[in-house]
Novice: 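Before we start, here is the structure in question, set down as structure tokens.
Order of the sequence lines sets the chain letters (A, B, ...), proteins ahead of strands, with each chain counted from 1.
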There are 2 protein chains.
Amino acid sequence: MQVFRNRLSQYVTLDDVIWSEFEKLQTQNKAYEAGDDLIRVGQRPKHVFLLTEGWAIRHRTLEDGRRQIVNFMLPGDVFDLQVLAGLEADHGVTAVNRTATMRIEADEFITMLKKSGPLASAFWWSAVQEESILREQIVRVGRRSARERIGHLLLELQRRLQAAIGSDNDVMPLPLTRTDLADALGLTPVHVSRTMSALRRAGLIEESRGRVKILDADKLARQSHFDMDYLHMRRLDLLNGSDGMNGHAAAHNGNGSSHQGLTASTLRPPRSRDY
Amino acid sequence: MQVFRNRLSQYVTLDDVIWSEFEKLQTQNKAYEAGDDLIRVGQRPKHVFLLTEGWAIRHRTLEDGRRQIVNFMLPGDVFDLQVLAGLEADHGVTAVNRTATMRIEADEFITMLKKSGPLASAFWWSAVQEESILREQIVRVGRRSARERIGHLLLELQRRLQAAIGSDNDVMPLPLTRTDLADALGLTPVHVSRTMSALRRAGLIEESRGRVKILDADKLARQSHFDMDYLHMRRLDLLNGSDGMNGHAAAHNGNGSSHQGLTASTLRPPRSRDY
DNA sequence: CGACCAATTGAGACAAGTCAAAGCATGTGG
DNA sequence: CCACATGCTTTGACTTGTCTCAATTGGTCG
């Protein structure tokens, strides 16, 4: 429970009154073993999941067995808000290790969203952040080398774990096999193994018994092109009150960090493509 | 305007009364030339965009110039709903060709969502679908060969265009350079060129003047592992009325198409990873 | 007709994949 | 408590898909 308060407080100020709204919800606890499916492809789950302990993966498998892990769900994560649309899942969700969840009936969840502005706001944020994570995953897999992918993912996971658990320790659990990593990063287990050995030899990380220690986070971040702003989300309120969405609009209207790169298209107008 | 009614009607039944809600909105039209930025990294846009004509890309560029296109925005698409969170954009949105947009102030948009259940529902759906597209992009880039990536993307774009415009024609505009495709698919322009030549030689597609014709959609789909169910979203209502979210919950509780693949993990329980 | 920009093609290089054999843990049963 | 079985990881040798560099062709627009 505390995990969620931690997590949602990243986004929005939650005083005890608001929080009690949340605690009043009818929830149903359920635990899973490593390898159990929380959501199976083609199912139409009727509830929203809150992950309190353990890790889970969202993944899709092609007919010939190739598997892609779309993202990782860590303690404090909420999914599938999309379920509120009543759709069949087009991907599975599976526990990586022993996992504890709270489930909330879709309609009860919706009612709660309607009643409480701040909570609606917090969950909206968490959905926005999830999308941001998906986009980053696309960039990682599409445009980074194996070494960068691994370094980048480790840093992301570390950061997300810190946000959830608050352990500012530089050693973190990593309950993933090389195959899991490979399937997340679009690589082969063999190549993941080799590349992680290289990271170890380079003195960037250290591993033992399912835990990783990031020895030189700055260097790793530089080498992986990890954007230090990524997932830094300042707290802003919206929807929570009739005024919502106002105060902040004008502030900081982005000169932007302007690391624009030197794409040809910025130099001269491209040729017309209005066929 | 018709584009949106087309598009949103995919998700939810919109009668004239509801639709007039939407048409009452204060909108601001704005056109862009090819290469113009609709949203720049670091900006904090104050409105939601509706794309009425033309294509746009959402992209992110690394400091060393590598660019990844995260997804394509086609006529009828709505973005960035995330902007409602008041965050700085972590990626840019740029017009591919001449583009026409309608913009709605964030707070006005929110007010509309609160007032009209069906419209809220429709936009929620469109957000869910967008996420589904992002996930599919991850699978494409992470686990598919160059040939599959291209075939798969072409089919997705075709299907999305059909949904927006309704042209059930098998020839479609493709205002993208090989570099654009490469940046979307995590490839090199050179290799995109080679691979598309191969598709042409194989009699799967035909190109001329910024248009593609898919000659054998079935074969292309099979070869690209394009899931014919992808983006087929049955219409379901939610949020729109106090009852919402009920009727459909029980139906079709997924035996699932069960093309599960033969991952080792399905055979015997994996080793414990609870360190 | 030039001037550009995009697309194509070729030759060679390299990152990542494949196949296969050891090596290490962790857990279990005698 | 040791020994073996199991599943994961590592390492090696070799293959391949994709990238790089560079030159040529083709289309569009002024």
Novice: Once you round it to whole Å, what is the distance between C1' of D/dT9 and CG of A/L199?
Specialist: 16 Å
Novice: Compare all side-chain heavy atoms of B/R58 with those of B/L134 and state whether any distance is below 4.5 angstrom.
Specialist: no
Novice: Is it the case that the side chain of B/T99 and the backbone of B/G54 share a donor-acceptor pair, with hydrogens and angles ignored and the cut-off at 3.5 Å?
Specialist: no
Novice: Apply salt bridge (Lys or Arg N to Asp or Glu O under 4.0 Å) to B/R160 and list each qualifying residue two or more places apart in sequence or on a separate chain.
Specialist: B/D77, B/E156
Novice: Could you give the CZ-to-P distance, from B/R66 to D/dT18, as a whole number of Å?
Specialist: 18 Å
Novice: Which whole-number value in Å describes the distance from A/R178 CZ to C/dG23 P?
Specialist: 19 Å
Novice: Test your reading of the model: is there a side-chain donor-acceptor pair from B/N29 to the backbone of B/A100, 3.5 Å cut-off?
Specialist: no
Novice: I'd like to compare against my own output: the B/S/- annotation of nucleotides 16-22 of chain C with a strict under-4.0 Å heavy-atom distance to protein.
Specialist: BSBB---
Novice: Please report the distance, rounded to the nearest Å, between CE in B/M196 and C1' in D/dG26.
Specialist: 17 Å
Novice: Salt-bridged, A/R135 to A/E131, with N to O below 4.0 Å?
Specialist: yes
Novice: Is B/S197 near enough to C/dT9 that one of its side-chain N or O atoms lies under 4.0 angstrom from OP1 or OP2?
Specialist: yes
Novice: Parallel, tilted or perpendicular: which one describes the rings of A/F79 and A/F49, with boundaries at 30° and 60°?
Specialist: parallel
Novice: Looking only at side-chain N and O atoms, does B/S193 come under 4.0 Å of OP1 or OP2 in C/dA7?
Specialist: no
Novice: Sort me out a list of protein N/O and nucleotides 23-25 of chain D N/O pairs below 3.5 Å, or just none if empty.
Specialist:
none

Novice: Hey, does B/L38 have a side-chain heavy atom less than 4.5 Å from the side chain of B/Q43?
Specialist: no
Novice: Does any pair with a residue in residues 192-203 of chain A pass side-chain hydrogen bond (donor to acceptor under 3.5 Å, both in side chains), and if so which ones, sequence neighbours excluded?
Specialist: A/R200-A/E207
Novice: I want to check something: taking the side chain as every heavy atom from C-beta on, are A/V212 and A/Q158 in contact at a cut-off of under 4.5 Å?
Specialist: no
Novice: B/L176 CG to C/dA6 P: how many Å, rounded?
Specialist: 13 Å
Novice: Rounded to the nearest Å, what distance is computed from the CD atom of residue B/E207 to the P atom of nucleotide D/dG27?
Specialist: 13 Å
Novice: With no hydrogens and no angle check, is any side-chain donor or acceptor of A/R143 less than 3.5 Å from a backbone partner on B/R66?
Specialist: no
Novice: Between C/dA25 and A/R209, is there an OP1 or OP2 to side-chain N/O distance shorter than 4.0 Å?
Specialist: no
Novice: Could you note down all residue pairs passing ring-ring contact (aromatic ring centres under 6.0 Å, His included) where residues 136-166 of chain B supplies at least one of them, sequence neighbours left out?
Specialist: B/H152-B/F226
Novice: Would you kindly give the CG-to-P distance between B/L181 and C/dA6, to the nearest whole Å?
Specialist: 13 Å
Novice: Rounded to whole Å, how long is the line connecting atom CG of A/N97 with atom P of D/dC8?
Specialist: 14 Å
Novice: Which angle, rounded to 10°, do you find between the first-five-pair axis and the last-five-pair axis of the helix from C/dC1-D/dG30 to C/dG30-D/dC1?
Specialist: 30°
